[in-house]
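Reminder, nothing fancy here: chain letters follow the sequence lines and each chain counts from 1. Everything numeric in this text was worked out from a predicted model, so none of it was measured.
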Amino acid sequence: MKISLNWLKDYIDLTGISDEEVISNLTMSGLEVEDYEDQAKLYDKFIIAYVKEKDKHPNADKLSLCKLTDGKVDYQVVCGAPNVAAGQRVVFAKEGAIVPNGGFQIKKAKLRGIESFGMICSESELNLSDDHSGIIVLDDSYEIGKSFAEAFGLNDVVLEIGITPNRPDALSHIGVARDLAAIFNRELKIPKVELKESAQDVNTEAAIEIIDAVDCPRYTAKVVKGVKIKESPEWMKRRLKAIGLRPINNVVDITNYVMYEAGQPLHAFDLDKVGGKKIIVRKAGADNKFVTLDSKERVIEAESLMICDGNKPVAVAGVMGGENSEISAQTENILIESAYFNPSSIRKTSKRLGLSTDASYRYERGCDPNNTLYVAERAAQLMAELGEGTILKGSIDVYPEKINEKTVRLRESRTFRILGYKIEREKIKNIILNLGMKIIAEEEDVFKILIPTYRPDIEREIDVIEEIARIHGYENIPAVERIANSLDAKIDESEFIEKARNTATSLGFYEILNNSLISEKAAELMGKSIQVLNYQSADMSNLRTSLLQGMLQTISKNIKVGEKNLRLFETGNVFIKKADIIKSFDDFSESTKLILAITGSDAEKEWHSKERAIDFYDLKGLVDSFLGNLFQNSALRDSYNEESDSIYSYYYTKESGKETVGSGGKIKKELLKQFDINQDVYCFEFDVDKLKSLLNIKSKFKELLRFPKIERDFAFIFDKNISNSEIKDYILSCKSKLLKNVRLFDLFESETFGSAKRSLAYSLEFYDENKTLTDEEVDKEFTELTLSVKKKFNAELRGI
Amino acid sequence: MLENIDSIGLDFDTELQGVKDLKQLEEIRIKYLSRNGIVAGLFEQLKNASKEEKPRLGKELNALRNSVQEKFDNLKSSIEENSSEESSKIDLTLPGRNRIIGSKHILVQTLEEMKSIFKGLGFSVFEGPELESDYNNFTALNFPLDHPARDMQDTFFITEDFLLRTHTSPVQVRVMQKVKPPIRAIMPGKVYRNEAVSSRSLCVFHQIEGLYVDKDVTFAELKGTLISFARQFYGKDLSYRFRPSFFPFTEPSAEMDITCYLCKGKGCRICKHTGWLEILGCGMVDPNVLENAGVDPEEFTGYAFGMGIERTALLKNGITDIRLFVENDYRFLKQF
């Protein structure tokens, strides 16, 4: 919200306090000044100048060559405006001036061969209006050489304040002044209203009826007759423009002015357009179409509160007036509405209409129900002063049940306990009183405080403590360091995933982080997905069901920028729908996954080794290394599947008992095509929660072997359809007491074996924990094993 | 000839001194040590020696042979060593055989750094779900129904009652329900806001939440803890300030600013010419929140704080576009 410092000074004397102090004190007490504009600085180097001569530009038809003076110095200026003429007083931007509209700096320039030392300005360039048809021509009352800002009264400083939703009281100049009054301990000056009212009673001209008193607890009206609709005076227009409002006419401007003065929204009806001269406040009901004063027809829901006349709705309560009762140039008689509406009712209507206005913004945050009469009178007074209107006697004020000020008990001891710092009792009292609260009783530790109704946010003791703290200044509360040593065990639920991340990076994987929102089509690839009700776009409509889709997208993007050899991992949550309608946490699952992905070459081309395309065994090896680092003895089983499914050409899973802790393999070409990838990709996705549960299987220390191992190798020619694991498992199952390990160390295919055969060579490791083995003992077992393998697989021994 | 054993040894020594390379050495080997060489010839003559002289001569001859062989071997290995270094000169400038070590995402690195600081200050680490109930995300945190405070966080809804959490604060509620005070915990995680994606904002991002509930936890202590964190994380020379703010779940609420690291407080575009950068929101846990979670606000007080990871990582690394964090460009990932 914009606040003009000049305007603010109507309500508080800021003598002796610099603008900078005002700004920093507001920020440091809760009204954050997000930005500010110093008009004098904005219009620095803009002056009033006199056009002494005007000639045609020798090289351009549409340009003129002017000689300007500021009374002391002459300037040669090239001007493109059609209305420039000798003898005019104009606004002149000197070299170095920064043009407010566009922010460019005026520099000495050559225009069609002639030097120009500045610019004559239009209203548009000065951000005064949209008019850029020609330069501003001033009358003789403007003193030549004077600064433009001074001549136009543009000496204001305008603050942009971020008002938090709990502070409706600060949505006005008086509200901001009240905070300053408390901060600087100065008096708040609220304008006095003294009305000259006519003899005619207001009740003879209008009537008010509230049907829905829950949503409209109070409706106050005043009537002003014989108003002349015209432009507002300069001072009011200047203030409204300073805070970013467009002046319209005196009546509309007054309602805006008073709203920004006191925080209470007002509406002015053309009384002659109010049917039956009666206002009825009720729910819209069947009146479901309404044209607001922005000329838009809106669909109104039955529950919305409407302001109606004897026949029809005339305004959407608290949001926007209707076109049918709008102030026009012909308007003479005005009904001023100053009401208090139920905040949540206005909020619902505003949300349903998708229409937020200055009025609804204030009403939904909560206005002061006990200030409506003052504000209506203040507006009436201004309409009489600036529109020559006559104020009818009295006001119509329907307020069935008065909203009373709340009482809050504040303990000094509690204040100390929350802040950890003792603020003097007198200081506390001062802050309370300066903010407009009343102390109605005072005991040793307890204040009984009456809270003004313009502070709906203050309801409890803690709310008052906050007020005391912020006005006293957070900076004045010392920082205390207290290292609390608690004896309870510390927990770190992220410990495992942190270790998994460390392991993945040590294996050369880079971590990625993808959006959890993906397209419905992608999400459905890997399970039943959950859709966001109000999604932004179709490519972010559903929650991911797996990390795979995001991974493939990332790989695709990287290949496009020339990064083809990738080792990537991600960990994050995925979401699966378990019931058609989500009513509880049981209707969906949210689980943490970790995905490893590799593609391209194992290494770049190097002088010492050839580039090698990554294959399934790279994936398998990396998965095993990854698990091996996380768990010493995970005892996970591999389960292979050579058949393709919708994702993989072939894949395998890691199993622990009956649980699958992860699966992965080679991604199918058809799927890769959907992601525009044309190189092989291998992925493995782990279920982190299941992995974590493996941590419970503790590995025990194994005594170091004190006796030498003996190795024996053999190579056989096997049928190709006999798998490595079949052979290995068989060898290990052969009940050789001394055999402890079998390792494949060579695979060889040759035409001489025939295409259905291959040679596999194994290294067998023998040892005994308790003694040194002799060659004879090993050879005996090795020979038996050799014979068994030969017999079992009908294999041909190639060598020992 | 056997009488000349000594002089043969001397001859050998002399000849050996003249040897420069392996070729000359080989000539000497053939002359002295080959099957038909001088030493072998002497052994041949030994057969003809008298029985009395044989043992003495044999001993001398053996000594000669050993000595010659040893001298020969020494010289050979010495020549070989020198020549190998010269002839196959190694090119030390060839690139080494690299092993690739990956890296964690910069956001994760930032988060882990924060985590380790808070762990050092005695905080535990808890996690909570991203798909939350409206109750935990808003109502339990003292956001009234139909209140503009709910507009502070644009929400992605799944149903009327379920949503994607807009902040990590609902984990506070979960932790307070699970653990009895004293509670001293941080809660990092992913959060969602229905905001347009731009160079400055994402609709999915990360936060870290902190909570301390105990008897007599005060605002002064909140300041102390956060200043300690900021000094460890941003550097000990920074200036800071606490400004009043508003969050429904804390009261009094504050925002903490630090000196703009870019302009050192002079004012620039990044800090909107204020010289300050907001780094986190914090405050004393609102009594309603404690009560909703089953903690007696008269017995216990607490503080809470929360900050965005993305913004922090942008600031610390001088990254200009927040979208780089989710683009996952390998060239970006490899820089951290």
- Spatial distance of atom NZ (B/Lys104) from atom CD (A/Glu498) [nearest 0.5 Å]: 5.0 Å

- Query: Where does B/Pro144 contact chain A at under 4.5 Å (heavy atoms): side chain, backbone, both or neither?
  - Reply: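 Neither part.
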
- Message: Which atoms of A/Asn542 are under 4.5 Å from chain B, going by heavy atoms: the side chain, the backbone, both sets, or neither?
- Response: neither

- Could you walk me through whether B/Thr218 and A/Leu419 pass side chain to side chain contact (heavy atoms under 4.5 Å, CB included), step by step? CA-CA 5 Å; B/Thr218 67; A/Leu419 301 181; over 6 Å; no

- chain A interface, residue from B/Asp161, B/Ile227, B/Leu164 that has the most non-hydrogen pairs under 4.5 Å: B/Leu164

- Would you mind reporting whether B/Ile100 and A/Arg567 have side-chain heavy atoms less than 4.5 Å apart?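 No - every pair of side-chain heavy atoms lies 4.5 Å or more apart.
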
- CG-CD distance between B/Asn288 and A/Glu459, expressed to the nearest 0.5 angstrom: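 Rounded to the nearest 0.5 Å, the CG-CD separation comes to 9.0 Å.
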
- Task: Below 4.5 Å from any heavy atom of chain B, which atoms of A/Asp457 appear? Answer side chain, backbone, both or neither.
- Result: neither

- Of the non-hydrogen atoms in A/Tyr474 and B/Ala254, which two are nearest, and what is the gap between them? CE2-CB, 3.3 Å

- Query: Looking at A/Asn534, A/Val532, A/Ile582, which makes the most heavy-atom pairs under 4.5 Å with chain B?
  - Reply: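 Going by pairs under 4.5 Å, I would pick A/Asn534.
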
- Side chains of B/Met284 and A/Ile462: does their closest heavy-atom pair fall under 4.5 Å?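 When only atoms from C-beta onward are counted, A/Ile462 and B/Met284 do not touch, as no gap falls below 4.5 Å.
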
- Message: So which residue, B/Lys223, B/Arg241, B/Arg99, B/Arg243, ends up with the most heavy-atom pairs under 4.5 Å with chain A?
- Response: B/Arg243

- So with a 6.0 Å cut-off around CD of B/Glu160, is the heavy-atom count from everything else above 12?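 Open.
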
- Query: If you tally heavy-atom pairs under 4.5 Å against chain B, which of A/Gln553, A/Arg365, A/Arg470, A/Glu467 wins?
  - Reply: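 Between A/Gln553, A/Arg365, A/Arg470, A/Glu467, the count favours A/Arg365.
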
- Looking at A/Ile512, A/Leu517, A/Asn514, A/Thr164, which has the largest count of heavy-atom pairs under 4.5 Å with chain B?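 Most heavy-atom pairs within the cutoff with chain B belong to A/Ile512.
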
- When rounded to the nearest 0.5 angstrom, what distance separates OG1 in A/Thr505 from CD in B/Gln109? 9.0 Å

- Query: When rounded to the nearest 0.5 angstrom, what distance separates CD in B/Glu251 from CD in A/Glu466?
  - Reply: 4.0 Å

- Query: Checking heavy atoms, do the side chain of B/Tyr192, its backbone, both or neither come under 4.5 Å from chain A?
  - Reply: side chain

- Query: Can A/Asn573 and B/Glu127 be said to form a side chain to side chain contact (heavy atoms under 4.5 Å, CB included), step by step?
  - Reply: CA-CA 12 Å; A/Asn573 291 5; B/Glu127 290 175 339; over 6 Å; no

- Should we say atom OH of A/Tyr36 is surrounded by more than 12 heavy atoms from elsewhere, each under 6.0 Å from it?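 Counting neighbours around OH of A/Tyr36, 12 or fewer heavy atoms of other residues, nucleotides or ligands fall under 6.0 Å, so no.
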
- For A/Phe585, is it the side chain, the backbone, both or neither that has a heavy atom under 4.5 Å from a heavy atom of chain B? both

- Query: Under a 4.5 Å heavy-atom cut-off, does chain B meet the side chain of A/Glu364, its backbone, both or neither?
  - Reply: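 Looking at A/Glu364, backbone and side chain both touch chain B.
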
- B/Lys190: partners by salt bridge (charged side-chain N to carboxylate O under 4.0 Å, His left out), with sequence neighbours left out: none

- Task: Answer with side chain, backbone, both or neither: which region of A/Pro478 has an atom nearer than 4.5 Å to a non-hydrogen atom of chain B?
- Result: backbone

- Query: Is B/Glu291 paired with A/Arg460 through a side-chain N to carboxylate O contact shorter than 4.0 Å?
  - Reply: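 Here A/Arg460 does not pair with B/Glu291 in a salt bridge, since their nearest N and O are not under 4.0 Å apart.
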
- Item | Residues A/Glu32, B/Ser245; criterion side chain to side chain contact (heavy atoms under 4.5 Å, CB included); working and verdict | CA-CA 8 Å; A/Glu32 187 187 358; B/Ser245 187; over 6 Å; no

- Task: Measure the CD-NZ distance between A/Glu495 and B/Lys119 for me, rounded to the nearest 0.5 Å.
- Result: 5.0 Å

- Note on the structure: Scored by heavy-atom pairs under 4.5 Å with chain A, the best of B/Ser228, B/Pro248, B/Ser133 is B/Ser133

- Can you measure from CD1 (A/Ile23) to OG1 (B/Thr274) and round to the nearest 0.5 angstrom?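 A/Ile23 CD1 to B/Thr274 OG1: 11.5 Å, rounded to 0.5 Å.
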
- Query: Looking only at heavy atoms, which two atoms of A/Glu590 and B/Pro129 are closest? And how far apart?
  - Reply: OE1-CB, 3.2 Å

- Query: Given that the side chain runs from C-beta out, which part of A/Ile468 has a heavy atom under 4.5 Å from chain B: side chain, backbone, both or neither?
  - Reply: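 Looking at A/Ile468, nothing touches chain B.
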
- Query: With only heavy atoms counted, which part of B/His273 is less than 4.5 Å from chain A, the side chain, the backbone, both or neither?
  - Reply: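 Nothing of B/His273, per the 4.5 Å heavy-atom cut-off to chain A.
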
- Candidate pair A/Arg411 and B/Glu298, rule salt bridge (Lys or Arg N to Asp or Glu O under 4.0 Å), full reasoning: CA-CA 12 Å; A/Arg411 289 165 293 175; B/Glu298 281 296 314; 2.9 Å; yes

- Note on the structure: Note: B/Phe246 and A/Pro165 closest approach over all heavy atoms is CD2-CD, 3.5 Å

- With a 4.5 angstrom heavy-atom cut-off, which part of B/Phe325 approaches chain A: side chain, backbone, both or neither?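 Backbone only.
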
- Mind checking whether B/Asp216 and A/Arg417 have side chains closer than 4.5 Å, heavy atoms only?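 They are in contact (side-chain heavy atoms under 4.5 Å apart), so the answer is yes.
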
- Does the pair B/Tyr330 and A/Tyr510 meet the rule for a ring pair (Phe, Tyr, Trp, His ring centres under 6.0 Å), with working shown? CA-CA 8 Å; B/Tyr330 215 45; A/Tyr510 285 89; 5.2 Å; yes

- Task: Considering non-hydrogen atoms only, spot the tightest contact between A/Glu511 and B/His105 and give its length.
- Result: OE1-N, 3.0 Å

- Flag the one option from A/Ser24, A/Ser494, A/Ala469, A/Gly572 with the top tally of heavy-atom pairs under 4.5 Å to chain B. A/Ser494

- Item | Residue pair B/Ile158 / A/Leu543, side-chain heavy-atom distance below 4.5 Å | yes

- Which portion of B/Phe123 sits near chain A, non-hydrogen atoms under 4.5 angstrom: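 Backbone only.
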
- Query: At their closest point, which heavy atom of B/Glu130 faces which heavy atom of A/Phe575, and how far apart are they?
  - Reply: OE1-CZ, 3.5 Å

- Message: If you count every heavy atom of other residues, nucleotides or ligands that lies below 6.0 Å from A/Lys560 atom NZ, does the total exceed 12?
- Response: yes

- Query: Top residue by heavy-atom pair count (under 4.5 Å) with chain A, among B/Pro244, B/Cys203, B/Gly224, B/Pro287?
  - Reply: B/Pro244

- Task: Quick one: which of A/Thr554, A/Asn515, A/Val561, A/Ile465 has the most heavy-atom pairs under 4.5 Å with chain B, could you say?
- Result: A/Val561

- Item | Residue A/Lys583 excluded, over 12 heavy atoms near NZ under 6.0 Å |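 No, not enclosed.
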
- Message: Please classify the contact of A/Arg414 with chain B as side chain, backbone, both or neither, using a heavy-atom distance under 4.5 Å.
- Response: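 When you check distances to chain B, only side chain atoms of A/Arg414 fall under 4.5 Å.
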
- Item | Non-hydrogen atoms of A/Gln536 and B/Glu195 that approach each other most closely | NE2-O, 2.6 Å

- Would A/Lys557 and B/Asp329 count as a side chain to side chain contact (heavy atoms under 4.5 Å, CB included) if you check the C-alpha gap in whole Å, the side-chain angles of each, and the deciding distance to 0.1 Å? CA-CA 8 Å; A/Lys557 275 194 289 186; B/Asp329 191 313; over 6 Å; no

- Do any N or O atoms from the side chain of A/Glu475 and from the backbone of B/Phe242 form a donor-acceptor pair under 3.5 angstrom? yes

- With a 4.5 Å cut-off on heavy-atom pairs, point out which of A/Leu507, A/Ile530, A/Ile581, A/Asn502 contacts chain B the most. A/Asn502

- Task: Mind ranking B/Val204, B/Val326, B/Asn194 by heavy-atom pairs under 4.5 Å with chain A and telling me who comes out on top?
- Result: B/Asn194

